[in-house]
Amino acid sequence: QVQLVESGGGLVQTGGSLRLSCAASGLAFSSYAMGWFRQAPGKEREFVAAISWHGGGTYYADSVKGRFTISRDNAKNTVYLQVTSLKPEDTAAYYCNAGRSPQAMSGLFSWGQGTQGTVSS
């Protein structure tokens with residue numbers, strides 16, 4: 001069974017930074033593109049960032065481009081999201097999942113618990 005475990009969230013002030021991690025197991029990690037999504041209360045889950053299976057290609061939502069950076073370590077089966085210059089509108093539960101490519105990112109597996117990032121104004 002595929003398991004996705006997110007961590008690294010917390011409460012930060014506007015302009016602060018966080019480093020989110022997603023540890024994956026039960027899949028051939030290096031064979032998949034990986035992505036980050038977020039969901040605020042009362043809103044639908046939205047795409048944030050994605051990275052190719054080899055780490056050479058990345059894709060970001062316009063709302064986070066220039067502020068968020070996605071990376072991966074295939075040896076550790078882990079994908080990261082470095083978030084900077086945080087705004088209150090970034091407040092959400094953040095989730096990771098796998099896809100076929102960064103440009104066609106969708107959750108192929110069951111969603112994990114997510115990690116909550118809260119930005120105070």
Side-chain angles (χ1 to χ4, degrees):
Q1 182 179 3
V2 174
Q3 190 170 31
L4 303 169
V5 181
E6 300 90 348
S7 62
L11 174 63
V12 298
Q13 296 181 338
T14 297
S17 301
L18 288 170
R19 182 173 173 81
L20 310 182
S21 298
C22 170
S25 62
L27 78 165
F29 182 79
S30 61
S31 297
Y32 294 91
M34 296 296 295
W36 285 94
F37 303 78
R38 65 185 182 185
Q39 185 171 26
K43 296 185 177 181
E44 295 184 350
R45 183 182 289 110
E46 65 174 347
F47 168 78
V48 174
I51 187 168
S52 61
W53 64 269
H54 57 280
T58 58
Y59 179 65
Y60 299 92
D62 289 340
S63 60
V64 306
K65 190 173 297 183
R67 300 188 298 118
F68 290 14
T69 302
I70 188 171
S71 61
R72 67 189 296 164
D73 187 339
N74 286 346
K76 297 181 178 180
N77 284 8
T78 302
V79 61
Y80 305 94
L81 187 69
Q82 180 71 42
V83 299
T84 62
S85 301
L86 286 166
K87 308 172 183 179
E89 51 262 46
D90 293 319
T91 295
Y94 285 76
Y95 302 85
C96 67
N97 216 308
R100 300 182 66 183
S101 72
Q103 292 75 30
M105 177 56 58
S106 63
L108 296 179
F109 304 105
S110 297
W111 299 97
Q113 293 181 316
T115 185
Q116 178 69 36
T118 302
V119 185
S120 62
S121 60

Among residues at least two apart in sequence or on other chains, which ones pass ring pair (Phe, Tyr, Trp, His ring centres under 6.0 Å) with Tyr80?
none
Gly57 and Pro102: which non-hydrogen atoms are nearest, and at how many Å?
O-CG, 4.0 Å
Just jot down the side chain to side chain contact (heavy atoms under 4.5 Å, CB included) partners of Gln82, sequence neighbours excluded, or say none.
Ser17, Arg19, Thr69, Thr84
Rounded to the nearest 0.5 Å, what separates atom CG in Leu81 from atom CG in Leu18?
9.5 Å
Interatomic distance, Thr78 atom OG1 to Phe29 atom CZ [nearest 0.5 angstrom]:
6.5 Å
Only counting residues at least two apart or in another chain, list the ones meeting salt bridge (charged side-chain N to carboxylate O under 4.0 Å, His left out) with Lys65.
Asp62
Rounded to the nearest 0.5 Å, what separates atom CG in Asn74 from atom CE in Met34?
9.5 Å
Arg67 side chain to Ser85 main-chain N or O, any donor-acceptor pair under 3.5 Å?
yes
Among residues two or more places apart or on two chains, list those pairs meeting ring-ring contact (aromatic ring centres under 6.0 Å, His included) that have a residue in residues 54-77.
Phe47-Tyr59
Is Phe37 reachable from Val64 through a run of I, L, V, M, F, W or Y residues, each pair having side-chain heavy atoms under 4.5 Å apart?
no
Enumerate, atom names and distances included, each donor-acceptor pair closer than 3.5 Å involving a side-chain atom of residues 105-116, sequence neighbours excluded.
residue	atom	partner	partner atom	Å
Thr115	OG1	Gly9	N	2.9
Gln116	NE2	Ala92	O	3.4
Gln116	NE2	Thr118	OG1	3.3

Could you tell me whether the side chain of Pro88 reaches within less than 4.5 Å of the side chain of Thr14, counting heavy atoms only?
yes
Would you give the length of the straight line joining atom OG of Ser30 to atom CG of Asp73, rounded to the nearest 0.5 angstrom?
11.5 Å
Residue pairs passing the side-chain hydrogen bond (donor to acceptor under 3.5 Å, both in side chains) test where at least one lies in residues 93-104, sequence neighbours excluded
Arg38-Tyr94
Rounded to the nearest 0.5 angstrom, the CD-OG distance for Gln13 and Ser121 is 10.0 Å
CD1 on Ile70 to SG on Cys96, rounded to 0.5 Å
9.0 Å
To check you understand the geometry: which heavy-atom pair defines the closest contact between Ala24 and Leu27, and what is its length?
CB-CD2, 3.7 Å
